[in-house]
Every structure is written in C-alpha cells, then in structure tokens.
Amino acid sequence: MSEILCQWLNQELKVSQTVSPKSFAKAFANGYLIGEILHKFELQDDFSEFSESRVSGAKLNNFSRLEPTLHLLGVQFDQNVAKNIIMEKPGAATKLLYQLYTALQKKKKSGLTGVEMQTMQPMANVRLQNMKSEAFRDRLRNLIPRQTDFNLMRVTHRFQEKYKHMKEDLVRMHFEKLENIQKLKEEQRCFNIEKQRLSRRRQNEIMAKIQAAIIQIPKPTSNRTLKALEAQKMMKKKKEAEDVANEIKKFEALIKKDLQAKESASKTSLDTAGQTTTDLLNTYSDDDYIKKIQKRLEEDAFAREQREKRRRRLLMDQLIAHEAQEEAFREEQLINRLMRQSQQERRIAVQLMHVRHEKEVLWQNRIFREKQYEERRLKDFQDALDREAALAKQAKIDFEEQAIREKAIHEQIAVERAQARYKKHYLICAEILDQILDLSTKVADYRMLTNNLIPHKLMHNWKELFLNGKPIYEQASIKHLSAKPSAEQRVELEKRDLLDNGDYEEYKVQTNM
C-alpha cells in the first residue's frame, strides 16, 4: 500500500518532497504535505498559512487547519489520529493517506469543488463544525508536547541510542575477550598436548634404549646344594687366603730375624777378620790367603743375593695369587650387585610406567573438568544475559505502564483544573452580571419613580457597593440581631460599615477643605 501511495504522490501529484516507504511517517509528521495534497485538489484555500517547520507550534497550526477539510471529505480524523501522525507512529500516516486517497477519488468522480461542498452543508452543521474545530485545537494543544519536551525527548532518545550502542560495544568486546581467552586456552591446551606427546615419545624412546641396553643375566638356580657348595668354596678360599697371609707374615718375620742375625754376624766377622788379617798380615803377609778370604766373601755375598731373589720371587707369587683371589671375589660381588640392580631397575621402570599412566589419566580428567567448567561459565553468562534482557523488558513495560498512568492522572488533573477554572470564571461572571443587573434595575426603578432624577448621594452609595462586590438590594433585616447573625445579616452589616466609612472619609475631606 505504501508503494502505491508513494507512486501516486510522486508521479501523479508531484508533491514538493519526494516520499519513500521508509520516510513515509516522517514526511507527513508536520502535516504540510497533507495540506499540499488538499491544495492541489482546490480544497485548502489557506495553504499559504501552512509551515514546513517541524516545531510543535507549526504542527499544531497545520493540523488545526486540516481538520475542517478532512471532516468535509468524510475522513475519520480526530486528535488521537493527529497525535499518532505527529509522533510518527508506524501505519498512522499510511492509513490516513489511504482514506484521503479514496475520499479524493470519490470527490473527483462527483465533480464537486470545495466551495460547492461547503455550501451544500446546513448552517447548523457549519456552526457545530466550527465549535468542534476549536475544541479539536484545544485538545490537540493539550495532547501535543511542547517543543522543549520534543527536544528533550530527542536528546533522551539520542543518548539512549548512544547508551545502547555503548552497551552493545561493551558486550561485543566482552565476547571478543572471552573468545580470545578461549582461543588462548585452546592454543595452550594444544601446545601442552603436543609437548606431552613429544615428551611421551621421548620417554618411550629412552625406555626402548634402556630395554635394549639391559643385560639379561640368567637367574641363579634355586638349588640349595649349589649355594652350599659355593659357600664352602668361598670359605675355603678365604681360609687359604688367610693361611697364605699368615705364612707370608711368618716368613717375613723369619727373614727379618735372619737378616738381623747375619748383619750382626757379618759385623763381628768383619771385626775378627780385620783383627785376624792384621795379625796374619803381620805374621804371614801372603797374597794367597788374602785371595781366599776375598773369594769366600764374594761367595757369601752371591749366596745372600740369591736367597734375597728367591725370597722376593716367592713373595711376588704369593701377592699375585692373593690379587687374583681378590679380583675373583670383586667380580663375583659385582655380578651379584648387577643382578640386584637390574631387578630393581625393572621394578622402577614398571612403577614409572604406572605413574605415567596415572598422570595421563589425571591429565585427561583435568581437561574434561576444565571443559565442563568452561561450558558452565558460558551457560551462566548466557543465563545472566537472558535474565538482564528479561528484566530490561519488564522494566520497559513497567515504565510504559507508569507513563500511561501518569499521563492519565495528568489529563485528569488538567481536566479538573480546566473545570475549576471554568467554574471560578463562571461564578465571577455570574456575580458581576447579577450586580450589573441589580444596579441597572435599581437605577431604572428610581428613574421611573423620580422622573430620571436620582440623588447623587444614593448613586454614590450604589457605585461604592457595586465596586466592592456587595449586593445592592437588602438581603436581610438587621433591626433585630441575634447572638449569631446569619450570612445575609453579616453582609448587611458589612454594607453598613462600608457606607459609614465612606461617609466618614467624605466628612474628613470636607473638614480639611
């Protein structure tokens, strides 16, 4: 429908402003284009008084001038329709333009002008329409907010939109931050998984190398006789080693004793030989004897040297045998230690694999728990967003209801104030009119009785009472006053006091003169 109306306005009527379906409500918000349409059909003679401004005064002026013409065409138009169009309510302008389009098409078929349509209406309807137009203008003035209210609403709407955009930006930034954190966590998790996989592969390679390097030592037979024989052999070897060590010690002790004895003997023999040689030299001085002695000394030295070599050879053989026994004993202990160490390494390797398996299970459980925590956090965040949206929606509904209630109260107060003002003005006017009528009738009566001659004093008293708002005619008798006089009697007393004060003032003025 909007496209048809836009085509009608832009192509057939060629209004001053191009209208599109998106800007339909905004284009007709001030009523200027509606007046231009009616002016093109020669129905709006005061189109020059229309204003293109968008202030509230211009809108009120335009729609007040449109209301009689629209009622003349039979279009349903009141202050509520005008308010909806001014507030740019969706669909309001479209509905009014469609009704106006159908009404103008009927008028075009009938061939009547605007003046002819106005002359065809009865005078009573014309007067009633004028009164309705005035009432429509007053009601529309009360309904349309002032321009300051419009500006405030526009500023408020702009700041609300800005707040909404800022809130959306904050939510988007929060989501992006959450996504970045999730992405970083995912990258860290992938990095940890890759690192764990590489370390596991490295450990598997190390374990494979360890398994390849393990020397498979056969387990000793569990026969007790073999163990007993080995124990006997070890005891025998230990005993033989101890015996050899004891014999070596005894032999070394004997050798030491022999050496000491020989040294002492050699010393004594040398002394005696020296004495004998001196004696013999003194006695005999023969070279053969000296040669024999030297030969015997050489033989003794050679024998002693040979004995020392044999002793050293024996000691070396015994030391070599002892070192061989010690080497065999050390090899046996090393073999036993290696066997024990290999078994312990196997146990440690099994325990290590078990610990790694437990670590892998704990790691997988931790990843699963972290995923559950993350899902729970996302769910809580989404629930919080939904809760805030629901609260905001409920707050908006409550605000609209409160605004409607306050608006109704405001309208009721405005109506009550208008009624009170009307009643007050009515009473004031009625009282003034009654006093004027009383004064007129009083003057007329006295003119008839006195042949148009009214005493100056009496006329002055009547004017004084009229100007002070007191009744001219007597309301009650004050000759017989009670303890509590009535309202009429109090009015009469006030009138008397007023006149007495006036006489006193005149007396003072005359005496001063």
Side-chain angles (χ1 to χ4, degrees), residues 2 4-19 23-89 92-144 146-147 150:
S2 299
I4 297 172
L5 292 175
C6 290
Q7 185 177 2
W8 175 60
L9 294 170
N10 296 325
Q11 296 181 6
E12 294 183 13
L13 297 181
K14 296 181 180 180
V15 293
S16 60
Q17 182 180 350
T18 304
V19 182
S23 62
F24 203 87
K26 186 176 181 180
F28 288 93
N30 60 350
Y32 180 81
L33 290 182
I34 301 175
E36 185 178 357
I37 294 169
L38 296 174
H39 178 66
K40 288 183 179 295
F41 282 90
E42 298 179 356
L43 293 174
Q44 197 72 38
D45 296 333
D46 56 351
F47 179 67
S48 59
E49 302 293 332
F50 277 67
S51 175
E52 295 187 38
S53 178
R54 293 190 175 274
V55 297
S56 58
K59 293 178 181 180
L60 178 63
N61 174 61
N62 295 343
F63 281 98
S64 299
R65 296 180 182 279
L66 287 174
E67 190 266 341
T69 309
L70 293 176
H71 277 289
L72 181 64
L73 291 172
V75 178
Q76 294 180 0
F77 185 75
D78 56 2
Q79 66 272 9
N80 295 324
V81 177
K83 179 187 174 184
N84 292 334
I85 295 173
I86 292 171
M87 300 302 291
E88 299 180 9
K89 187 176 181 181
T94 306
K95 184 178 179 181
L96 179 66
L97 261 293
Y98 179 72
Q99 294 177 0
L100 181 62
Y101 174 75
T102 54
L104 291 174
Q105 294 298 325
K106 291 179 181 179
K107 176 209 173 268
K108 189 175 181 181
K109 289 180 180 179
S110 62
L112 296 174
T113 61
V115 178
E116 291 175 354
M117 293 175 68
Q118 289 179 0
T119 55
M120 290 173 63
Q121 288 186 345
M123 290 299 296
N125 291 344
V126 173
R127 293 177 182 177
L128 181 62
Q129 184 60 39
N130 293 331
M131 294 175 65
K132 286 183 178 180
S133 299
E134 292 294 331
F136 170 80
R137 185 180 181 84
D138 295 335
R139 287 194 296 268
L140 187 61
R141 184 184 294 108
N142 294 328
L143 287 176
I144 296 176
R146 296 174 299 173
Q147 186 61 33
F150 266 118

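Owing to the predicted nature of the structure, the values given are computational and were not obtained by experimental measurement.
- Between Leu100 and Phe41 the shortest side-chain heavy-atom distance does not fall below 4.5 Å.
- Atom CG in Asn10 sits 10.5 Å away from atom CG in Leu5 (nearest 0.5 Å).
- The heavy-atom pair separating Ala29 from Arg54 by the smallest distance is CB-NH1, 3.9 Å.
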Thr102 vs Tyr98, side chain to side chain contact (heavy atoms under 4.5 Å, CB included): CA-CA, chis, key distance, verdict: CA-CA 6 Å; Thr102 54; Tyr98 179 72; 4.1 Å; yes
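- Checking each of Asp46, Leu60, Asp45 against Arg65 for a side-chain contact (heavy atoms from CB on, under 4.5 Å) leaves exactly one that passes, namely Asp46.
- Note that CG of Leu38 and CG of Leu33 are 11.0 Å apart. Values are rounded to the nearest 0.5 Å.
- In this structure, Phe50 and Ile34 have side chains that are not in contact, with every pair of non-hydrogen atoms separated by 4.5 Å or more.
- When all heavy atoms of Glu49 and Asn61 are compared, the pair lying nearest together is O-ND2, 3.1 Å.
- A distance-only check finds a donor-acceptor pair linking the side chain of Glu36 to the backbone of Ser16 [under 3.5 Å].
- Considering all non-hydrogen atoms of both residues, Asn84 and Ala92 come closest at CB-CB, 3.7 Å.
- Aromatic ring pairs are classed by plane angle as parallel below 30°, tilted from 30° to 60° and perpendicular above 60°; the pair Phe47 and His39 is parallel.
- Nearest heavy-atom pair across Ala58 and Ser53 is CB-O, 3.7 Å.
- From Leu9, atom CG reaches atom CZ of Phe28 across 4.5 Å, with rounding to the nearest 0.5 Å.
- The CG atom of Leu72 sits 11.0 Å away from the CD atom of Glu67 when rounded to the nearest 0.5 Å.
- In this structure, the side chains of Tyr101 and Ile4 stay at 4.5 Å or more apart for every pair of heavy atoms.
- Between Thr69 and Gln44, the shortest heavy-atom distance links the atoms OG1-OE1, 2.9 Å.
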Gln76 vs Val81, side chain to side chain contact (heavy atoms under 4.5 Å, CB included): CA-CA, chis, key distance, verdict: CA-CA 8 Å; Gln76 294 180 0; Val81 177; over 6 Å; no
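- Going from atom CD of Gln11 over to atom SG of Cys6 covers 10.5 Å, rounded to the nearest 0.5 Å.
- Nearest heavy atoms, Ala103 versus Val75: CB-CG2, 3.9 Å.
- Distance check: Tyr32 OH to Phe63 CZ gives 14.0 Å after rounding to the nearest 0.5 Å.
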